[in-house]
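What follows is a short report on a single structure.
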Amino acid sequence: MNQDSENSDAVSEVGEHETERSWSDLLVGHLPLEAETAMFILVNVLDFLMTYLLLSTGKFRESNPVAEFFLNHWGPVQGMLYFKLSLVVVVCVIAQIIALKKPATARWLLNFGTVVVVGVVVYSLTIFLRAGA
């Protein structure tokens, strides 16, 4: 084995160690993928606000039966908040766990989720504007 291959092995071992995080890092340090997580949370807040706006007009109803269950049991604001918050928490926790070993996969998950929710927000805004509410 030559010197260059020994150095590249040492670098790859260090590189793997640097990207690999432990459970304690999640509790006491910066979370991995903070920007992606923050963006995912932000678009979900926009989704909550758009859903509330649509439901408050009286012209729309919730089409998701699971969300409808939450609305019927805890009211429009509290029920929707419980439903959407539980989804956001589940996705964020899963992404943080995945990020411990595979940060690129966790980044993809959060970015994909963000794009999907942005699509929902745009759709909600479109139907709100078309209804003239």
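What's counted below: heavy atoms across the whole structure, side chains too, no hydrogens, waters or symmetry copies.
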Shortest non-hydrogen separation from [X] to [Y] and the atoms involved:
X: Glu36; Y: Thr114; result: O-OG1, 4.4 Å
X: Met80; Y: Ala67; result: CE-CB, 4.4 Å
X: Ala95; Y: Ala106; result: O-CB, 3.2 Å
X: Val88; Y: Ile41; result: CG1-CG1, 4.0 Å
X: Val77; Y: Tyr52; result: CG2-CE1, 3.3 Å
X: Leu33; Y: Arg107; result: CD2-NH2, 3.0 Å

Backbone N or O of Phe40 within a donor-acceptor pair of the Asn44 side chain at under 3.5 Å?
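Checking the backbone N and O of Phe40 against the side chain of Asn44, a donor-acceptor pair under 3.5 Å is found.
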
How far does [atom1] of [X] sit from [atom2] of [Y], to the nearest 0.5 angstrom?
X: Leu125; Y: Leu54; atom1: CG; atom2: CG; value: 8.5 Å
X: Glu34; Y: Gln96; atom1: CD; atom2: CD; value: 8.0 Å
X: Ile97; Y: Lys102; atom1: CD1; atom2: NZ; value: 14.5 Å

Shared ILVMFWY cluster between [X] and [Y], side chains joined below 4.5 angstrom?
X: Val90; Y: Met39; answer: no
X: Val93; Y: Ile98; answer: no
X: Leu53; Y: Leu46; answer: yes
X: Val115; Y: Val120; answer: no
X: Val91; Y: Val43; answer: yes

Other residues, nucleotides, ligands: >12 heavy atoms within 6.0 Å of Met50 CE
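Yes, the 6.0 Å shell around CE holds more than 12 heavy atoms from other groups.
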
Using 30° and 60° as the class boundaries, would you call the ring planes of His73 and Phe69 parallel, tilted or perpendicular?
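Geometry flag for Phe69 against His73: tilted rings.
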
Would you call the rings of Phe70 and Phe83 parallel, tilted or perpendicular, where under 30° means parallel and over 60° means perpendicular?
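Tilted: the ring planes of Phe70 and Phe83 meet at 30° to 60°.
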
Less than 3.5 Å apart, any donor N or O on the side chain of Glu62 or Thr51 sitting next to an acceptor on the other?
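Not at all, the side chains of Glu62 and Thr51 share no donor-acceptor pair under 3.5 Å.
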
Looking at Leu110, Leu109, Val116, which hits side chain to side chain contact (heavy atoms under 4.5 Å, CB included) with Phe112?
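Result: among Leu110, Leu109, Val116, Val116 is the only option passing the side chain to side chain contact (heavy atoms under 4.5 Å, CB included) with Phe112.
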
